[in-house]
Protein chains: 2
Amino acid sequence: MAKRIRQIRPKAAKIADVAQLAGVSVATVSRTLARPEVVTEETRTRVLAAVRDTGYTPNISARNLRVRKTMVVLVAVPDIANPFFAEVLQGIDDTLSASGYGLIIANLAGPPEKEARYVDLVCAGQADGVLLLCGHVMRSADRDLRDAHVPLVAACEHIPGESFPQVTIDNVFAARCAARHLIDLGHTRIAYLSGPKSNILEQQRLEGFRQAVREAGIAVDAGLILPGDFTFATGVEGGRALLARAPKSRPTALFAANDEMAIGLIKTIHAAGLRVPKDLSVVGFDGIAYADYCEPTLTTIVQPRRDLGATAAAELIALMTTGKAPARNEIRLPASLVLRDSTCPPRA
Amino acid sequence: MAKRIRQIRPKAAKIADVAQLAGVSVATVSRTLARPEVVTEETRTRVLAAVRDTGYTPNISARNLRVRKTMVVLVAVPDIANPFFAEVLQGIDDTLSASGYGLIIANLAGPPEKEARYVDLVCAGQADGVLLLCGHVMRSADRDLRDAHVPLVAACEHIPGESFPQVTIDNVFAARCAARHLIDLGHTRIAYLSGPKSNILEQQRLEGFRQAVREAGIAVDAGLILPGDFTFATGVEGGRALLARAPKSRPTALFAANDEMAIGLIKTIHAAGLRVPKDLSVVGFDGIAYADYCEPTLTTIVQPRRDLGATAAAELIALMTTGKAPARNEIRLPASLVLRDSTCPPRA
DNA sequence: GATGGCAATGTAATCGATTACATCGGCATG
DNA sequence: CATGCCGATGTAATCGATTACATTGCCATC
């Protein structure tokens with residue numbers, strides 16, 4: 001136990017060691033590894049044998065310094081603990097690592113000075129590109145990021161009027177579909193459970209909701225727009241607010257700006273003895289895994305999470321390698337309304 | 001729109017530029033930045049001004065090459081999409097980034113060759129340390145990792161007989177508590193919903209379950225050990241298996257080796273018209289956020305996820321900086337049994 | 001047989017920061 | 001006044017890989 005860990009790492013083999021062992025020059029070793037076809041069959045085998053024997057692996061810092069690339073991209077994510085982003089991340093990781101890129105994750109949930117540190121990293125040439133999974137990067141950091149002229153791609157949150165590629169779903173349209181679904185079922189008193197007002201996604205989803213309601217000729221009741229911030233807890237709050245209303249004036253359906261709030265709300269409604277969907281139909285947004293586990297299963301807009309990540313990553317790779325922006329700057333992936341058990345027509 | 005992104009990054013300022021502008025040598029610039037107290041007040045201000053004016057940020061690859069450190073640690077995680085690990089990651093991230101370390105995440109969910117690539121990265125000196133969140137690293141890669149003599153710390157899964165520090169909870173003990181809770185409530189026919197047989201956590205939890213049952217003088221019914229693999233889907237399967245039994249021979253309580261399975265199982269039980277906890281008490285394991293959202297809320301063992309991550313990270317930092325292993329190699333953090341609504345005494 | 005071309009390999013400059021060692025000037029001490 | 005020390009700064013070696021350019025030798029061509 002507690003066997004002392006070797007404190008001094010054995011001096012790793014360097015390219016010169018390999019060269020010496022193989023009886024060639026360092027250039028030949030480097031070439032053998034980078035473009036095997038340019039060296040003789042014979043030297044190639046000798047060099048590769050030497051590589052094996054020495055256990056050589058190239059020092060990446062040295063290479064990076066020389067070629068001025070890092071093969072690393074920085075991914076700024078609002079909150080890794082959020083399962084939604086976790087899945088987007090997987091898509092990113094798959095694509096990126098298939099092309100030999102590593103990714104370093106900047107988790108923005110946390111003290112803001114961390115954010116600054118990550119931006120520094122990028123500026124210091126520690127990343128060849130940046131993937132933004134959220135619209136709100138700190139103002140000052142944001143400037144620095146642009147000034148660094150590092151290839152940049154955003155995903156998930158669409159920021160209007162930006163010049164870098166953005167991969168998102170059409171939130172306005174999707175929200176309109178969701179609301180429309182409730183309307184088609186026959187609901188006319190429909191509530192909306194909001195995300196944080198300043199959030200772009202929230203704004204777009206509310207807009208979609210408004211459009212659908214307006215199209216149906218329903219007046220939007222300001223009292224039915226409930227405040228929230230995308231968390232389970234505010235979903236619970238929303239449920240309480242609903243229950244506080246006189247039964248007559250309660251909505252028969254509700255559209256939540258994300259799934260977590262929808263689930264919190266349903267829980268509260270159930271606790272009060274009312275049933276979803278009979279007494280209240282609920283539609284969510286995002287399509288987190290849990291939406292399919294909860295009771296009742298949640299009708300929701302499912303975003304192609306992995307695909308969003310994968311596409312954004314592919315876009316970034318293109319940008320990093322060709323250096324030019326893609327033809328279409330705003331890439332929209334299809335989202336789908338998945339019908340489950342949390343919606344039904346209103347009671348007669 | 002599609003404003004062409006600047007293809008050639010403006011040549012970033014280097015230390016020599018700053019030195020020239022400030023009218024000092026590169027050494028002085030470097031010293032000013034690293035140890036401000038050793039230079040004159042006067043030069044310091046001149047240098048800092050020059051740094052600002054040139055927008056200089058040190059090139060990290062060059063620094064790494066020189067000082068043979070990267071200030072990056074590699075975190076091997078079985079599956080980032082799993083919310084449990086996501087929270088552990090947050091703890092890691094907080095601690096690591098507070099000490100100026102970056103982290104690169106090796107997501108092992110995916111093609112095994114990715115794993116090899118990550119190991120290469122470490123061997124190539126791209127990381128100063130490794131944090132393992134799972135016991136099962138590929139055999140061959142495992143060897144390479146040890147051979148690289150890179151500081152290593154494991155968390156979450158305890159691997160008996162290893163020489164590197166491990167930060168975990170006592171799974172056997174915790175599982176025993178969970179089972180004990182059911183026994184104390186008066187249950188005598190208790191089922192166990194397993195994880196994958198080869199998984200160490202599963203083995204430890206099953207062992208804890210067995211101990212509790214044995215202590216209570218209850219015979220372990222092999223038919224009540226249901227197969228599973230930690231996924232929601234196998235939880236559902238487990239539920240079906242239970243329902244397939246004659247009502248008389250059904251257990252009155254069940255301990256699931258993790259929360260996701262417990263939730264899947266409850267869903268199935270409910271769908272069949274039985275109620276949790278009245279007809280079946282259920283205890284889970286892990287304490288994922290969702291365990292507190294579901295209906296009924298889940299009695300479970302909650303692991304100190306953030307703390308596991310933070311402690312492991314702190315341990316790794318110590319190992320990387322002092323180079324010596326800590327006094328205690330096996331660090332156990334306390335887990336707690338949280339009582340919620342999914343358990344109650346059996347019906348008379 | 002001289003010449004040009006080409007394929008294979010070697011030599012050395014280079015990337016940008018850190019830091020051991022050298023230098024310089026000033027001041028205190030004997 | 002010479003000596004030595006110290007604090008501030010400069011000079012240049014160094015980290016390890018890549019690659020432009022140089023070199024070598026061989027073969028084909030005239």
Side-chain angles (χ1 to χ4, degrees), chain A residues 8-48 50-51 54-72 100 120-121 123-126 128 148, chain B residues 8-48 50-51 54-71 100 120-121 123-126 128:
Chain A
I8 294 104
R9 304 194 205 165
K11 60 278 157 258
K14 31 198 237 178
I15 199 169
D17 302 333
V18 178
Q20 186 172 27
L21 182 59
V24 297
S25 73
V26 292
T28 301
V29 175
S30 182
R31 276 190 287 254
T32 305
L33 266 21
R35 299 185 308 283
E37 69 279 7
V38 304
V39 300
T40 318
E41 161 80 39
E42 200 254 327
T43 42
R44 191 186 321 147
T45 51
R46 259 212 334 277
V47 169
L48 292 180
V51 166
T54 54
Y56 169 77
T57 44
N59 178 310
I60 311 251
S61 295
R63 168 184 299 163
N64 290 348
L65 174 58
R66 183 61 232 246
V67 305
R68 296 146 153 287
K69 297 208 320 177
T70 64
M71 295 304 279
V72 163
D120 281 352
L121 222 70
C123 298
Q126 268 302 78
D128 294 339
Chain B
I8 295 106
R9 303 194 205 166
K11 60 278 155 259
K14 30 199 239 179
I15 199 168
D17 302 333
V18 178
Q20 187 173 26
L21 182 59
V24 297
S25 72
V26 292
T28 301
V29 175
S30 181
R31 277 190 286 254
T32 305
L33 265 22
R35 299 186 307 281
E37 69 280 5
V38 304
V39 299
T40 318
E41 161 81 37
E42 201 254 327
T43 43
R44 190 186 322 146
T45 52
R46 258 211 337 276
V47 169
L48 292 179
V51 166
T54 53
Y56 168 77
T57 45
N59 177 313
I60 312 249
S61 295
R63 168 184 299 163
N64 290 348
L65 174 59
R66 183 61 233 247
V67 305
R68 296 144 153 289
K69 297 208 319 176
T70 63
M71 295 305 279
D120 281 353
L121 222 69
C123 298
Q126 269 301 78
D128 293 339

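Everything quoted here is computed from the prediction, not taken from an experiment. Chain naming here is simple, since letters A, B, ... match the order of the sequence lines and numbering starts at 1 in each.
- Here D/dA13 presents its C1' atom at 13 Å from CG of B/L65, a figure rounded to the nearest Å.
- Two residues, A/A34 and B/S25, neighbour DNA chain D, and the one matched to the more 5' nucleotide by heavy-atom proximity is B/S25.
- Within the model, atoms OG of A/S61 and CZ of B/R68 stand 10.5 Å from one another, a figure rounded to the nearest 0.5 Å.
- Taking only distance into account, the side chain of A/R63 never meets the base of D/dT18 through a donor-acceptor pair shorter than 3.5 Å.
- Contact of the A/Y56 side chain with the A/L33 side chain is registered, since non-hydrogen atoms from C-beta on lie closer than 4.5 Å.
- A distance of 8.0 Å separates CG of B/N64 from CG of B/D128, quoted to the nearest 0.5 Å.
- Note on B/Y56: a side-chain N or O is less than 4.0 Å away from OP1 or OP2 of C/dA17.
- At whole-Å resolution of the value, CG in A/N64 and C1' in C/dT14 are 15 Å apart.
- Atoms CG and CZ, on A/L65 and B/R66 in that order, are 12.5 Å from each other to the nearest 0.5 Å.
- For B/M71 and C/dA17, the CE to C1' distance is 16 Å, given to the nearest whole Å.
- Counting atom types as modelled, B/R66 pairs no side-chain N or O with a base atom of D/dG16 as donor and acceptor under 3.5 Å.
- Residue A/V26 is classed as a base contact, given a heavy-atom separation below 4.0 Å to a base.
- For B/T43, no side-chain nitrogen or oxygen approaches OP1 or OP2 of D/dA8 to under 4.0 Å.
- Put simply, CD on A/Q20 is 15 Å from P on D/dG16, counting in whole angstrom units.
- Distances shown here put every side-chain N or O of B/S61 at or beyond 4.0 Å from the OP1 or OP2 atom of C/dG16.
- Not a single donor-acceptor pair, N or O on each side, falls under 3.5 Å between the base of C/dG16 and the side chain of A/R68.
- Contact record, A/I15 with A/V26: CD1-O, 3.7 Å, taken as the closest heavy-atom pair.
- Counting non-hydrogen atoms under 4.0 angstrom, B/S30 reaches a base of the nucleic acid.
- B/K69 places its NZ atom 23 Å from the P atom of D/dT14, with the value rounded to the nearest Å.
- To the nearest angstrom, C1' of D/dG16 lies 14 Å from CG of A/L33.
- For B/I15, taking side-chain heavy atoms from C-beta onward, the closest of the listed nucleotides D/dA8, D/dT18, C/dT18 is C/dT18.
- Taking side-chain N and O atoms only, B/T40 has a distance below 4.0 Å to OP1 or OP2 of D/dT9.
- Of the side-chain N and O atoms in B/T28, one or more sit less than 4.0 angstrom from OP1 or OP2 of D/dG10.
- Remark: side-chain polar atoms of B/R31 are not paired, donor with acceptor, to backbone N or O of B/V39 under 3.5 angstrom.
- Following rounding to the nearest Å, A/R31 (CZ) and D/dA17 (P) show an atom-to-atom distance of 15 Å.
- When distances are taken from the side chain of B/V67 to each of D/dT9, C/dT19, C/dT11, the shortest belongs to C/dT19.
- One atom, NZ of B/K14, and another, P of C/dT18, lie 14 Å apart when rounded to the nearest Å.
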